[in-house]
Amino acid sequence: MTDLKAPADCQTKADIRTSIDALDHELLKIFAQRQGYVRRMAQLKQHPDEAFDHDRIETMVEAIKQRAEDLGLEGDQVEQVWRTLIDWNVAYEKRTIAARLEVKENV
């Protein structure tokens, strides 16, 4: 990632927007990498019901929320973002696994 100005060193809205845009680009790359693991998980799971693991999700969300708060972020905001991400991942896995099983049944 390019060298970003520290927030306190930004003197204009353009400075801030440039830094936010650069960070957003890096976040997208990380989300794309994370999605690769979600895709692989969908390949390994054998049934759509495996996509949702309540205990794992709650443990993960609590840990993420705590790490966020330790970093000075608003835990509730981070929780909302992660729950949205997890919901999408669960739906993706269910769709992918169900489609794979349907193909196997039709062969």
**Q.** Side-chain donor or acceptor of R83 paired with backbone N/O of V61 under 3.5 Å
**A.**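 Pair absent, no side-chain N/O of R83 close to backbone of V61.
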Q: Give a yes or no on whether the backbone of R56 and the side-chain of E58 come within a donor-acceptor separation of less than 3.5 Å.
A: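 Not confirmed, E58 side chain does not pair with R56 backbone.
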In Å and rounded to the nearest 0.5 Å, what is the [atom1] to [atom2] distance from [X] to [Y]?
| X | Y | atom1 | atom2 | answer |
| --- | --- | --- | --- | --- |
| L101 | H47 | CG | NE2 | 6.5 Å |
| K13 | T18 | NZ | OG1 | 13.0 Å |
| L23 | E26 | CG | CD | 8.0 Å |
| E74 | K65 | CD | NZ | 11.0 Å |

Q: Report the relative orientation of the aromatic rings in W88 and Y92; use parallel for angles under 30°, tilted for 30 to 60°, perpendicular for over 60°.
A: parallel
May I ask whether [X] and [Y] are part of the same hydrophobic cluster, defined by side-chain heavy atoms of I, L, V, M, F, W, Y residues being less than 4.5 angstrom apart, directly or through others?
| X | Y | value |
| --- | --- | --- |
| F52 | L85 | yes |
| M41 | V90 | no |
| F31 | I20 | no |
| V38 | I86 | no |

Mind listing the closest non-hydrogen atom pair of [X] and [Y] along with its distance?
| X | Y | result |
| --- | --- | --- |
| A51 | K94 | CB-CG, 3.5 Å |
| Q35 | N89 | OE1-OD1, 3.5 Å |
| L4 | A22 | CD2-CB, 3.7 Å |
| C10 | I16 | CB-CG1, 3.5 Å |

Q) Counting heavy atoms not belonging to E69, are there more than 12 under 6.0 Å from its CD? A)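 Result for CD/E69: enclosed.
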Q. Is the closest side-chain heavy-atom distance between Q66 and D70 below 4.5 Å?
A.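 Result yes, sub-4.5 Å side-chain heavy-atom pair found.
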**Q.** Non-hydrogen side-chain atoms of V81 and V78 separated by less than 4.5 Å
**A.** no
**Q.** Any pair counted as salt bridge (charged side-chain N to carboxylate O under 4.0 Å, His left out), so long as it reaches residues 31-46, sequence neighbours left out
**A.**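 Non-adjacent pairs meeting salt bridge (charged side-chain N to carboxylate O under 4.0 Å, His left out): K45-E93.
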Q: Decide yes or no on side chain to side chain contact (heavy atoms under 4.5 Å, CB included) for I97 and R100, but give the supporting numbers first.
A: CA-CA 5 Å; I97 297 163; R100 185 181 69 235; 3.9 Å; yes
Q: Identify, with sequence neighbours excluded, every residue that meets salt bridge (charged side-chain N to carboxylate O under 4.0 Å, His left out) alongside D53.
A: none
Q. Q80 and D76: side-chain donor and acceptor closer than 3.5 Å?
A.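 There is no such pair between these side chains.
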